[in-house]
Engineer: 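So that we are looking at the same thing, I have put the structure below in structure tokens.
Counting convention: from 1, in listed order, for ligands and their atoms alike.
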Amino acid sequence: MESEIAGPAAAALASLNASQIAFIAGLPKAELHAHLNGSIPISELQKMAHEYFRTSNKSASDVVQIGITKLQEGVVLDEIYDFFDLFPAIYALTSSPANLRRATRAVLAQFLDGPTPQCAYLELRSTPRETPEMSKMEYVRAVLDEVEKYPQTRAALIVSLDRRMSAEVLHECVEIARTLKVKGRRVVGVDLCGDPQAGNMDTFSEHFAEAKRAGLGITLHIAETTSNSDAETLQLLSYAPDRLGHATFLNDEAKMIVRRKKTCVEICLSSNLLCKTVAKLDDHHIRYYLRQDHPIAICTDDTLPFRTSLLGEYALLLAPKPLGLGLSEGEVRRIADMGMAARFG
Ligand code: IMP
Ligand code: ZN
């Protein structure tokens with residue numbers, strides 16, 4: 001299932017010739033940073049919304065109606081915090097086990113199906129969510145059932161921990177990830193995500209330690225905005241993450257740690273541009289990591305609101321400036337290899 005792309009990734013892709021597109025499409029690529037509920041193809045979400053309105057008496061001011069209209073028209077964000085307002089509408093549609101499975105199938109198909117799939121391997125991530133119809137454990141099991149329909153070499157699941165979670169819920173979620181892994185289910189890691197301004201990171205230490213003891217990979221959204229303090233960033237680095245999401249605003253000390261440990265940075269170009277945490281491609285921190293020959297993985301983050309695809313994100317690497325970074329095919333191939341090398345699975 002292909003979804004329409006728009007914005008910077010689409011412009012970069014449109015600037016490439018057929019042989020360049022064939023080159024990036026043919027590269028074995030790993031998508032390591034894709035949030036399930038942020039990656040549902042809009043066509044699938046529209047179908048779910050249609051059924052939601054057919055079976056309920058919701059008005060046009062309903063949260064789902066407002067959210068779907070925004071997503072259809074193309075989301076324009078003034079700042080990153082506006083982004084999190086989109087999720088209540090999506091969550092209202094994926095709160096039943098049937099719709100959660102359906103959404104998961106559509107996301108997996110979007111990345112993995114077709115004659116030239118977006119990626120060779122997908123590490124999908126999602127936050128265990130309790131709803132009136134399912135427990136957190138049932139949520140994760142439902143997602144895993146769909147993930148495991150693909151071979152082990154193609155898909156795996158990361159359990160996301162939200163920055164707002166209480167110590168009790170964090171414990172519950174890590175325990176879900178751990179016990180499912182012990183049972184041979186395909187959970188390969190845990191993630192820290194959510195509103196970058198929320199939560200107190202002091203409470204997270206023991207939960208990441210527990211995940212590490214269970215043999216789970218650790219990836220953390222870190223230094224995503226200027227309001228994430230240096231102290232918080234250093235604290236998160238002390239949890240010994242295997243990979244980092246964004247890492248946009250690392251100070252020199254943090255950069256030294258990340259470089260010394262060769263911690264892979266998951267780079268989401270369109271996400272950063274549209275959330276306005278990076279003003280333009282030329283200012284993007286990917287340039288720093290490329291200069292240092294530091295491991296990175298190119299990822300989409302949330303294909304739904306950012307209207308991108310993994311092919312589009314790779315187009316941003318290869319397209320000539322200012323539409324892209326103007327890298328050579330050799331450099332792009334090396335980046336794809338680094339992504340594949342950073343898999344947890
Ligand atoms: P879910 O975990 O499958 O429900 O995917 C949506 C969730 O991912 C959102 O509610 C956020 O918590 C998280 N998320 C998506 N994009 C970002 C991001 O760029 N930064 C932090 N959290 C994010
Ligand atoms: Zn993310």
Side-chain angles (χ1 to χ4, degrees), residues 31-41 44-45 63 67 71 75 77 79-95 99-108 110-111 122-131 134 136 139-140 142-144 146-147 157-165 169-170 173 176-177 187 189-199 201 219-225 227-228 232 236 241 243-249 265-278 297-308 310 313:
E31 167 61 84
L32 303 181
H33 186 141
H35 299 267
L36 196 170
N37 281 282
S39 306
I40 305 169
E44 196 64 41
L45 207 65
V63 64
L71 288 163
V75 179
L77 304 167
E79 54 170 1
I80 189 169
Y81 304 105
D82 297 343
F83 167 75
F84 294 93
D85 294 342
L86 298 168
F87 285 97
I90 302 169
Y91 285 162
L93 296 174
T94 59
S95 63
N99 272 7
L100 175 65
R101 282 170 188 270
R102 184 170 156 187
T104 310
R105 275 198 296 277
V107 174
L108 289 160
Q110 169 184 244
F111 282 107
L122 166 66
E123 244 160 50
L124 187 62
R125 58 183 73 186
S126 197
T127 319
R129 183 159 40 96
E130 193 173 308
T131 74
M134 59 189 156
K136 293 189 189 69
Y139 179 102
V140 179
V143 175
L144 271 174
E146 300 303 328
V147 166
L157 181 71
I158 294 173
V159 170
S160 289
L161 308 175
D162 189 281
R163 291 176 61 110
R164 283 188 201 278
M165 282 178 178
V169 174
L170 285 170
C173 291
I176 289 171
V187 184
V190 294
D191 159 48
L192 172 71
C193 73
D195 182 341
Q197 268 188 330
M201 294 306 103
T219 178
L220 307 174
H221 282 70
I222 192 169
E224 206 176 341
T225 69
S227 51
N228 293 105
E232 181 192 272
L236 291 176
R243 298 200 311 247
L244 300 172
H246 303 298
T248 313
F249 300 100
V265 179
E266 300 156 358
I267 299 276
C268 311
L269 297 167
S270 292
S271 164
N272 298 154
L273 293 172
L274 296 172
C275 286
K276 300 192 171 72
T277 55
V278 175
I298 298 297
C299 309
T300 55
D301 210 6
D302 299 275
T303 53
L304 169 60
F306 303 138
R307 299 206 283 180
T308 189
L310 198 57
E313 295 303 295

Engineer: Return yes if a side-chain donor-acceptor contact under 3.5 Å exists between Arg129 and Ser95, otherwise no.
Structural biologist: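 Their side chains do not contain a donor-acceptor pair, so the 3.5 Å distance test is not met.
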
Engineer: In ligand 1, which numbered atoms sit nearer than 4.0 Å to a non-hydrogen atom of Asp302?
Structural biologist: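 Counting from 1, the qualifying ligand atoms are 15 (C), 16 (N), 17 (C).
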
Engineer: Which ligand 1 atoms does Asp162 reach within 4.0 Å, using its non-hydrogen atoms?
Structural biologist: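 Checking each atom against Asp162, I get 12 (O).
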
Engineer: In terms of atom number and element, which parts of ligand 1 are under 4.0 angstrom from non-hydrogen atoms of Phe83?
Structural biologist: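 Within the 4.0 Å cut-off of Phe83, ligand 1 contributes 15 (C), 16 (N), 17 (C).
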
Engineer: Nearest 0.5 Å please: distance from the SG atom of Cys268 over to the CG atom of Leu32.
Structural biologist: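 Cys268 SG to Leu32 CG: 10.0 Å, rounded to 0.5 Å.
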
Engineer: Should you measure from each heavy atom of His246, which atoms of ligand 1 turn up under 4.0 Å away?
Structural biologist: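 Per the distance check, 19 (O).
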
Engineer: Quick one: report the N, O or S atom of Asp301 that is nearest to the Zn ion (ligand 2).
Structural biologist: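 This turns out to be OD1.
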
Engineer: Check step by step if side-chain contact (heavy atoms from CB on, under 4.5 Å) holds for Leu124 and Val107.
Structural biologist: CA-CA 9 Å; Leu124 187 62; Val107 174; 3.7 Å; yes

Engineer: Nearest 10°: the angle subtended at the Zn ion (ligand 2) by His221 NE2 and His35 NE2?
Structural biologist: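 For NE2 of His221 and NE2 of His35, the angle centred on the Zn ion (ligand 2) reads 100°.
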
Engineer: Within a strict 4.5 Å, meaning less than it, do heavy atoms of the Leu45 and Leu93 side chains meet?
Structural biologist: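 They are in contact (side-chain heavy atoms under 4.5 Å apart), so the answer is yes.
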
Engineer: Taking atom types as modelled, find out whether Gln110 and Ser39 have a side-chain donor-acceptor pair closer than 3.5 angstrom.
Structural biologist: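 Judged by distance alone, the side chains do not pair up.
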
Engineer: Determine the interplanar angle of the Phe83 and Phe87 rings, folded into 0 to 90°, and report it as parallel if under 30°, tilted if 30 to 60°, perpendicular if over 60°.
Structural biologist: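 Aromatic pair Phe83/Phe87 classed perpendicular.
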
Engineer: Are a donor atom and an acceptor atom from the side chains of Glu266 and Thr219 found within less than 3.5 Å of each other?
Structural biologist: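 A pair is found: one side chain offers a donor N or O, the other an acceptor, under 3.5 Å apart.
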
Engineer: Can you figure out which of Tyr91, Phe84, Phe306, Phe87 has its heavy atom closest to atom 4 (O) of ligand 1?
Structural biologist: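 Among Tyr91, Phe84, Phe306, Phe87, the closest heavy atom to atom 4 (O) of ligand 1 belongs to Tyr91.
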
Engineer: Between atom CE of Met134 and atom OH of Tyr139, what is the distance when rounded to the nearest 0.5 Å?
Structural biologist: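 With rounding to 0.5 Å, CE (Met134) is 7.0 Å from OH (Tyr139).
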
Engineer: Within a distance under 4.0 Å of any heavy atom of Leu36, pick out the atoms of ligand 1 and give their elements.
Structural biologist: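 The atoms of ligand 1 under 4.0 Å from a heavy atom of Leu36 are 3 (O).
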
Engineer: Please list the nearest protein heavy atom to atom 2 (O) of ligand 1 with its residue and the distance rounded to 0.1 Å.
Structural biologist: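 Nearest neighbour among protein heavy atoms for atom 2 (O) of ligand 1, to 0.1 Å: Thr127 OG1, 2.5 Å.
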
Engineer: Would one find an N or O of Asp195, backbone or side chain, under 3.5 Å from an N or O of ligand 1?
Structural biologist: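 N/O-N/O distance below 3.5 Å does not exist for this pair.
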
Engineer: To the nearest 0.1 Å, how far is atom 20 (N) of ligand 1 from its closest protein heavy atom, and which atom is that?
Structural biologist: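 Going by distance alone, atom 20 (N) of ligand 1 is nearest to Glu224 OE2, 2.8 Å.
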
Engineer: Between Thr277 and Phe249, which heavy-atom pair has the shortest distance, and what is it?
Structural biologist: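 Closest heavy-atom pair between Thr277 and Phe249: O-CZ, 3.3 Å.
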
Engineer: Would you call Asp195-Arg163 a salt bridge at under 4.0 Å N-O?
Structural biologist: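 Result for this pair is no, no salt bridge flagged.
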
Engineer: Look at the aromatic rings of His33 and His221 and report parallel, tilted or perpendicular, splitting at 30° and 60°.
Structural biologist: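 Taking His221 first and then His33, their aromatic rings stand perpendicular (interplane angle over 60°).
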
Engineer: List every atom of ligand 1 that sits less than 4.0 Å from any heavy atom of Ser126, numbering the atoms from 1 in the order shown and giving each element.
Structural biologist: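 Listed by number with element, the hits are 1 (P), 2 (O), 3 (O).
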
Engineer: Tell me whether Arg163 reaches ligand 1 (any heavy atom closer than 4.0 angstrom to a ligand atom).
Structural biologist: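 In this structure, Arg163 fails to qualify as a contact of ligand 1 - no heavy atom is under 4.0 Å.
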
Engineer: Give yes if a backbone or side-chain nitrogen or oxygen of Ser160 is under 3.5 Å from a nitrogen or oxygen of ligand 1, and no if not.
Structural biologist: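 Such a contact does not occur with ligand 1.
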
Engineer: Closest non-hydrogen protein atom to atom 8 (O) of ligand 1, residue and atom name please, with distance?
Structural biologist: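 Of the protein heavy atoms, His35 ND1, 3.0 Å lies nearest.
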
Engineer: Just wondering, is there an N, O or S atom on His33 that's nearer than 2.8 Å to the Zn ion (ligand 2)?
Structural biologist: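 Yes.
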
Engineer: Any atoms of ligand 1 less than 4.0 Å from a non-hydrogen atom of Cys193? List them with their elements.
Structural biologist: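 Answer for ligand 1: 12 (O), 13 (C), 22 (N).
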
Engineer: Counting non-hydrogen protein atoms only, what is the nearest one to atom 22 (N) of ligand 1? Give residue, atom name and distance.
Structural biologist: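 Sorting protein heavy atoms by distance from atom 22 (N) of ligand 1 puts Gly194 N, 2.9 Å first.
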
